[in-house]
Amino acid sequence: MADSMTQSAQISSSQGLADGQNSVAAKDSKMSDSFLSSSPVSLIQSPQVKDLVHWRDPKKSGVVFGLSLLTLLSLAAFSVISVISYLLLALLCVTISFRIYKAVVQAVQKSDDGHPFKALMEKDVSVPPETFRKHVDVSLTHINRFLKQLRKLFLVEDLIDSLKLAIVMWLLTYVGAVFNGITILILADILLFAVPPFYEKNKTQIDHYMEITRTQVNTTMAKLQEKLPGAIKRTKAE
């Protein structure tokens, strides 16, 4: 009788432990899905950004591309403070001029239309606490994952990944010797609006060569991993 009770208690405890592990795994999966849905990649893949970089509306894409490129070129020629000051000064000139123009028109026509920006002034621009907390939580998730990834790379948890990072950093030293940060941002802005239409027109050929390159890289990395000593071979967490 005592043995059967002990066995049933052990079974219940093992089932409870399994249920707890399943709940933790489900929670981790949910957090991972939430992170992916709020990551910068998902932002880039959003329909609005896709329409912009694929030039679905040439007028809107042209305006965004022109303004972003003009801002970056201005930052390359002037300081950040000067660029921000000039932008705000230009905005003030537009709003003040429009305000004076509407006041003169109302005086000539003897109308009482009120403030020209009344509709905009009545809009609520405050940030709701829920929205603020949501963005803080998302940012914290990004920061925590970034710190964990840095720990894995710099403490050489995975030798292959750490070697990849070392190679990338070594290549970036040459890039930094030729370009500064603003120049790289300008090139990235141009590529962001130039590559998607080009890829869309030549998708089949590009995918074919990309698959060949990916296969060769994977084969090379597999051969390199096989030559590593057993103590430092790449292992995947189950």
Check whether any side-chain heavy atom of [X] lies under 4.5 Å from a side-chain heavy atom of [Y], and answer yes or no.
X    : Y    : answer
I186 : L73  : yes
E211 : T215 : yes
T204 : H208 : no
D158 : K152 : no

Flag if over 12 foreign heavy atoms under 6.0 Å of [atom1], [X]:
X    : atom1 : result
L120 : CG    : yes
M169 : CE    : yes
Y199 : OH    : yes

Side-chain donor-acceptor pairs under 3.5 Å in residues 125-138, sequence neighbours left out?
residue, atom, partner, partner atom, Å
S126, OG, D124, OD1, 2.7
S126, OG, D124, OD2, 3.2

Nearest non-hydrogen partners of [X] and [Y], listed with the distance:
X    : Y    : value
L72  : L185 : CD1-O, 3.6 Å
S162 : V156 : OG-CA, 3.4 Å
V53  : L192 : CB-O, 3.5 Å

Would you be so kind as to tabulate the donor-acceptor pairs closer than 3.5 Å made by side chains of residues 89-96, with sequence neighbours excluded?
residue, atom, partner, partner atom, Å
T95, OG1, L91, O, 3.1
T95, OG1, L92, O, 3.0

With rounding to the nearest 0.5 angstrom, report the [atom1] to [atom2] distance, [X] to [Y].
X    : Y    : atom1 : atom2 : value
Q48  : K60  : CD    : NZ    : 9.0 Å
L165 : I160 : CG    : CD1   : 13.0 Å
I212 : D207 : CD1   : CG    : 11.5 Å
T213 : N218 : OG1   : CG    : 10.5 Å

Check the angle between the aromatic planes of F65 and F193 and answer parallel, tilted or perpendicular using the 30° and 60° thresholds. tilted
Suppose we screen for side chain to side chain contact (heavy atoms under 4.5 Å, CB included). Which residues come up paired with H54, at least two apart in sequence or across chains? K50, R56, P196, E200
Taking side chain to side chain contact (heavy atoms under 4.5 Å, CB included) as the definition, give me every residue that meets it alongside I167, ordered by chain and number, with sequence neighbours left out. L171
Determine whether a donor-acceptor pair (N or O, by modelled atom type, separation under 3.5 Å) exists between the side chain of N144 and the backbone of L140. yes
Is there a donor-acceptor pair under 3.5 Å between the side chain of Q106 and the backbone N or O of G114? yes
All ring pair (Phe, Tyr, Trp, His ring centres under 6.0 Å) counterparts of F98, not counting sequence neighbours: F117
Could you list the residues that satisfy ring pair (Phe, Tyr, Trp, His ring centres under 6.0 Å) with F154, not counting sequence neighbours? none
Give the intermediate values and the outcome of side-chain contact (heavy atoms from CB on, under 4.5 Å) for residues R151 and L147. CA-CA 6 Å; R151 182 183 63 186; L147 292 176; over 6 Å; no
